[in-house]
Amino acid sequence: MVLLRKGAEAELYQESWYGLNIIRKVRTVKAYRHPKLDLELRQSRTGREAQIMHEAKGSGVPIPLIFRVDMNSTTITMQYVEGSRVKDLLHSLSSKKRLRLCSQIGQLIGRLHRNRIIHGDLTTSNMILSETGKLFFIDFGLSEHSEELEKRGVDLLLMKRAFYSTHYSFALECFKAVTEGYATEMGEETCKNVVERVNKIAKRGRYVSKR
Amino acid sequence: MICLGIESTAHTFGIGLVSSSGKIIVDINDTYQPPPGRGIHPRKAAQHHCDVAPKVLKQALQKSKIGLEKIDAIAFSVGPGLGPALRTGATVARALAVWLEKPLIPVHHAIGHIELASLTTGAKDPLVILVSGGHTAIIAFGDGYWRTFGETQDITLGNLLDMLAREAQFSSPGGSVIESLAHKGERYLDLPYVVKGNDVSYSGLLTAAIKMYKAGCRLEDVCYSVQEVSFAMLSEAAERALAHTEKKAVLLTGGVAANKRLQQMLNIISKEHNADLFIVPKIYSGDCSAQIAWTGILACQSGIKVNVDKSFIKSKLRLDKVFIPWR
């Protein structure tokens, strides 16, 4: 068992399991928070993540296959996807490839939203481009069911924020490509409404000069 | 080089002198306190600043034993904050700049919090957790600008604590009262926990906490639970940002940085990710003039200044929109 990565809320271990290359996502006890709150968050998120990942797969969004869910140790055992995090490769792509990837990201977000799934933590850290060129979404711990414009807006706003904080040199074009991909799934009209809501939510933030 | 800095964004009016070697020569602050159970009234805060300005200036000069002729630049907090309060500080700054014929330097108040914390702790390239009455943001520097990784989608952590304190008839700022009450809390009450990616939202938590208090829950337990939930939310968002950015330093600054429980939580997180936690010294955690004076030095050395006739305050000025040439 090798510790592959220490995320914010879970530790990812890579190992071989019945001949399969797998990841064990363990939501570890967080010593900083109250034990009651800690257990509640870990259990509800583990359950929700497994459930919604399963649904995402059904709606045509590639996710790692889930093999086992253990609510006591708040652990999900899932397929190991060979590839790179979008965060790590976005800057090294050609402009054309980058925009194509972003459009694909938007398309998958649209597919989730169309199937009443809100991811809840859309960042480029939570997307893997596999070696075969397939885009996977991971980390559904904050996901939920909703068709509300507001929740869709928050979801896309987080994506936009991730571009502007981490990939600032091409944030504008990337996010535009995301919305274009999003529109192919959601339709121009809905996409326009969601993007409008994204701007509206951003304006609710602190110290926005033009409201 | 010596810079005189004027702080007047909200409740505090202050005048401080800082040298370009980073020595805080003097830092005199006078804070307006609204009546218990009330918030800051912008006009009354401005009136307070106006009343104390001559006294504070005199004290700063006497205590520092530095003559006005030795001052090389005048910095003032340009925003964000309460318009009337900002205008009072700006007026004093303009008058001094014109009279002394020295450059006038506009300083973003929150960048002042970050720069003074960096100066006093020595943190290098940190993930900054800025928590105050005006800000709750998780940011890091990149290519000329502070980049926002997460922030509050509604009220700030300082707002949350102040408004809860106000509801219980304490005076603002209420962070330290809440902290000492929380210390005596025993029962953990369930409150809404809202994390959206790296963002947090506290307005629902405030409403729920006030409801509980009004329904007869012990104030100590309410304070304890509010701290536990609100700090855990911020800590989770901070940990996400830390895992994402892989920074090796975390810098906690702003008024709420003085809270021991919050410090403890962020300390655990930083250790988990092999990062060092730097905490702004308590005396410099709240609003103070040294933060403006020191940032004034950095800005002045990068050639930033403003003509008096263009030196408008900006009560709404986002931290991530300010170009930083010195980092």
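Below, all heavy atoms of this structure are taken into account, side chains as well, without hydrogens, waters or symmetry copies.
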In Å and rounded to the nearest 0.5 Å, what is the [atom1] to [atom2] distance from [X] to [Y]?
| X | Y | atom1 | atom2 | answer |
| --- | --- | --- | --- | --- |
| A:Ser44 | B:Tyr193 | OG | OH | 10.0 Å |
| B:Gln153 | A:Leu158 | CD | CG | 6.5 Å |
| A:Lys30 | B:Met265 | NZ | CE | 13.0 Å |
| B:Ile268 | A:Arg33 | CD1 | CZ | 11.0 Å |

Thinking salt bridges, do [X] and [Y] make one under a 4.0 Å N-O criterion?
| X | Y | answer |
| --- | --- | --- |
| B:Lys196 | A:Asp121 | no |
| B:Glu151 | A:Arg161 | yes |
| B:Glu236 | A:Arg27 | no |
| B:Glu239 | A:Lys6 | no |

Is it the backbone or the side chain of [X] that comes under 4.5 Å from a heavy atom of chain A, or both, or neither?
| X | answer |
| --- | --- |
| B:Ile269 | side chain |
| B:Phe141 | neither |
| B:Asn274 | neither |
| B:Gln227 | neither |

**Q.** Region of A:Leu142 in contact with chain B, defined by heavy-atom distances below 4.5 Å
**A.**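 It is the side chain, since no backbone atom gets that close.
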(Q) At a 4.5 Å cut-off on heavy atoms, which part of A:Leu41 comes close to chain B: side chain, backbone, both, or neither? (A)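 For A:Leu41, the contact with chain B is made by the side chain alone.
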Q.
Run A:Tyr207 and B:His135 through side-chain contact (heavy atoms from CB on, under 4.5 Å) and show every step you take.
A. CA-CA 9 Å; A:Tyr207 306 128; B:His135 291 85; 3.4 Å; yes
I'd like to know which of [options] tops the heavy-atom pair count under 4.5 Å against chain A.
| options | result |
| --- | --- |
| B:Ser225, B:Gly134, B:Gly142, B:Ala232 | B:Gly134 |
| B:Leu242, B:Thr136, B:Asp143 | B:Asp143 |
| B:His273, B:Gln264, B:Glu272 | B:Glu272 |
| B:Asn198, B:Ile155, B:Asp190 | B:Asp190 |

Is the [atom1] atom of [X] crowded by more than 12 outside heavy atoms at less than 6.0 Å?
| X | atom1 | value |
| --- | --- | --- |
| A:His145 | NE2 | yes |
| A:Lys57 | NZ | no |
| B:Lys314 | NZ | no |

Q. Quick one: of A:Arg5, A:Arg45, A:Glu9, who has the most non-hydrogen atom pairs under 4.5 Å with chain B?
A.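 Heavy-atom pairs under 4.5 Å are most numerous for A:Arg45.
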Q: I would like to know whether B:Arg240 and A:Thr123 meet side-chain contact (heavy atoms from CB on, under 4.5 Å); could you show each step before the answer?
A: CA-CA 10 Å; B:Arg240 280 170 188 282; A:Thr123 70; over 6 Å; no
Q | Shortest non-hydrogen separation from A:Gly7 to B:Ala243 and the atoms involved | A |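 Result for this residue pair: C-CB, 4.1 Å.
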Q) What are the two closest heavy atoms between A:Tyr168 and B:Arg147, and how far apart are they? A)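 That would be CB-NH1, 3.1 Å.
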Q: Kindly say whether B:Tyr188 contributes a backbone atom to a donor-acceptor pair with the side chain of A:Lys36 at under 3.5 angstrom?
A: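 Judged by distance alone, no pair lies under 3.5 Å.
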Q.
Let's go through B:Arg261 and A:Tyr32 carefully: what are the C-alpha distance in whole Å and the side-chain angles of both, what is the deciding distance for side-chain contact (heavy atoms from CB on, under 4.5 Å) to 0.1 Å, and is it a yes or a no?
A. CA-CA 9 Å; B:Arg261 180 64 177 128; A:Tyr32 68 84; 5.6 Å; no
(Q) The test is side-chain contact (heavy atoms from CB on, under 4.5 Å); show your working for A:Thr166 and B:Phe149 and say whether it passes. (A) CA-CA 8 Å; A:Thr166 310; B:Phe149 285 82; 3.6 Å; yes
